[in-house]
Amino acid sequence: MTKDFLPISKADMEKRGWEEVDFAFICGDAYVDHPSFGVAIISRYLEAYGYKVGIIPQPRWDTTEDITVFGRPRLGFLVSAGNIDSMVNHYSVAKKRRQKDAYTPGGVIEKRPDRATIVYSNLIKRAYKDVPIILGGIEASLRRLAHYDYWGNKVKRSILLDSQGDILLYGMGEKSIIELAEALDSGIDIKDITYIKGTAYKSKNLEDAYDYIELPSYQEIIKDKKKYAKSFMIQYNNTDFYNGKRLVEQYKDNEYIIQNPPSTPLDQSEMDSIYALPYMRDYHPIYEKDGGIPAIKEVKFSLISNRGCFGGCSFCALTFHQGRVVQTRSHKSIISEAKDIIWDKDFKGYIHDVGGPTANFRHAACEKQLKYGACKDKQCLFPEPCNNLKVDHSDYLTLLRKLRELPKVKKVFVRSGIRFDYLMKDKDDTFFKELVEHHVSGQLKVAPEHISDKVLEKMGKPKVNVYNKFVKKYNDINKKLNKKQFLVPYLMSSHPGSDLNQAVDLAIYLRDLGYMPEQVQDFYPTPSTLSTCMYYTELDPRTMEKVFVPKSPHEKAMQRALIQYRNPKNYRLVHEALILTGREDLIGYDKDCLIRPKGSNIGYNNKNSYGNTKKKSNKHDKIKKKRKTIRNVHKKKK
């Protein structure tokens, strides 16, 4: 069989000699046949099992014409919003429309609808009343049960109900999609496929359900935030393949969503087989005339070495999607893929990344995890690394050395994220030294996220002293190697637990460091994260204690401005924040001050000139009430 893209048109289908497709795969992304794209993996995996898959990328949603391009599929429609949640793809944290879409030809926007999974599924129902609809991808996976929706500011139902889908595959989906395909192929009705791990489905009763935990009902959680937090924590504690229970959520007397336990993780041979499938490793040639697909640039010369993460950051949805058990590919598999990409005509000698959710995780957290699953009652790294944690970088180091030795390879970078607290726990410095010497492109990106231990505790991140020790060690190694390489810390503003006092502390830290970030990420409350539960309920679901949550756009703007206090545009917000927190000592001409007083020609004690900063009464009047509210909140906290 000739290696080629899967069909995207009836002509492509007929060229292969097919009269029909088994599955029509609708996706919110353009068609990119690369293993960094979920649609490519699932479709190629189905192909490997003998199923015929046609791809329908970014169909129009004002007509059924595009989704009927292959006719009625024999087994069903697969629906995914794409590699990124469609709402995150479309809107910034300020709910403003983004101007670019990296997963669309030429980066243009509006080639997919908001809430794409729901829109596409309802479109299918218009065209075919009784064809099975199978939901998957990150958007569906994180909305499989009732969830807080930031964009609508309310708790929404399971996406299965709003989409009219028949079954939902959560997580990565390879095992569940094959089991589902085989069940459909054998003639089992989609409504009777209720037993597959890693799926959720609708039911009118609980007659066939067993060994389950019943969550608070939808009616309960929309009325009571404590019930919502309780429900979330039950879900959070049942994401492990070994000890996760079946979960039941009631909507009406005859309407339930039942979530089966998670799929078992892939073993190494299964991982290897998936990444050895005949991907074209590029976007479909029909997009060339429009400038190609921007998203391919970051991944085309990168290598995925693992899945899963036992880091447990509160704002990350990986626990719900990939799980805490790390799965890895063999060196042979990764080297084989590297040998393919180095002969690509566009390869310039640089492998951009070797990693996954966390690059330096190459094995399960501990031996116990492999046998009994991840612990329900504690994290591997938080608040302190577990005594059973296996800290060993030798396998990853060996892999990087092998990649460095390949012909045509000038440099192998590590860009997908180093967990610095795990690195600091390693008593052997060999990996750290070689990382600095060979795998940093002038700047190493790390994610301390904040410096307030109070905020870090809510984030599920290590205390700031761990990061400070890491910084010192990184700088010491660079000095010994006579290298001038820097750290680029990712910082987050307005996370639950962070008030203006903590934001000021972070500004002071950056002042002492002599660093101002070019970019700052406001906390984004995406579905199914622990942090989002805190944001909505103002409770920490782990303890049920109250949490301060910055929600007003004005306060969030002040927190963000404090991180970039040197920016002339931020002067007014920084000045206001310092007054509100009683930190007038940071306004003045002393070297330790963040900004100069109003009326002076220079606002920041360095090069940046602000000019005369006059108070605009109309703007002051508009935010007067907001200031008063914020001031009262922070006085109470102090």
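Index from 1, following the sequence. Just so it is clear, the structure is predicted and the values come from calculations on it, not from any experiment.
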Exercise for the section: Any pair with a residue in residues 94-103 that passes side-chain hydrogen bond (donor to acceptor under 3.5 Å, both in side chains), sequence neighbours left out, goes on the list, sorted by first then second residue, please. Expected result: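 Non-adjacent pairs meeting side-chain hydrogen bond (donor to acceptor under 3.5 Å, both in side chains): N89-D101, Y91-R97, R97-D114, D101-T104, D101-R112.
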Handout entry: Pairs flagged by side-chain hydrogen bond (donor to acceptor under 3.5 Å, both in side chains) wherever residues 303-318 is involved - sequence neighbours left out
Key =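 Residue pairs with at least one partner in residues 303-318: E174-R307.
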Problem - Residues which pass ring pair (Phe, Tyr, Trp, His ring centres under 6.0 Å) with Y515, listed by chain and number, not counting sequence neighbours - result: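 Once residues adjacent in sequence are excluded, Y515 has no partner under the ring pair (Phe, Tyr, Trp, His ring centres under 6.0 Å) criterion.
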Exercise for the section: Output all residues satisfying side-chain hydrogen bond (donor to acceptor under 3.5 Å, both in side chains) with T532, sequence neighbours left out; order by chain, then residue number. Expected result: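 side-chain hydrogen bond (donor to acceptor under 3.5 Å, both in side chains) list for T532, sorted by chain: T529.
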Practice task
Check L381, V466, L456 against K461 for a side-chain contact (heavy atoms from CB on, under 4.5 Å) and give me the one that passes.
Solution key: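 Of the listed options, the one satisfying the test is L456.
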Problem - salt bridge (Lys or Arg N to Asp or Glu O under 4.0 Å) contacts in which one or both residues fall within residues 524-545, not counting sequence neighbours - result: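 Listed once each, the pairs are E457-R542, K458-D540, E538-K546, E538-K551, D540-R542.
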Handout entry: Contact check, side chains of F486 and N478, non-hydrogen atoms, under 4.5 Å
Key =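 No - every pair of side-chain heavy atoms lies 4.5 Å or more apart.
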Exercise for the section: Indicate yes or no for a side-chain donor-acceptor contact from D290 to the backbone of G106 under 3.5 Å, with no hydrogens or angles considered. Expected result: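 Between the backbone of G106 and the side chain of D290 there is no qualifying donor-acceptor contact (under 3.5 Å).
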Exercise for the section: Would you check if the side chain of D421 reaches a backbone N or O of P462 as a donor-acceptor pair within less than 3.5 Å? Expected result: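 No: the side chain of D421 does not pair with the backbone of P462.
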Practice task
State which residues pass side chain to side chain contact (heavy atoms under 4.5 Å, CB included) with A365; sequence neighbours excluded, sorted by chain then number.
Solution key: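 Partners of A365 by the side chain to side chain contact (heavy atoms under 4.5 Å, CB included) criterion, ordered by chain and then number, come out as F310, Q369, C380, L389.
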Problem - For the student: nearest non-hydrogen atoms of G292 and P294, plus distance - result: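 Minimum heavy-atom separation between G292 and P294: O-CD, 3.6 Å.
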Handout entry: Donor on one side chain, acceptor on other, N360 and H393, under 3.5 Å
Key =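 Yes.
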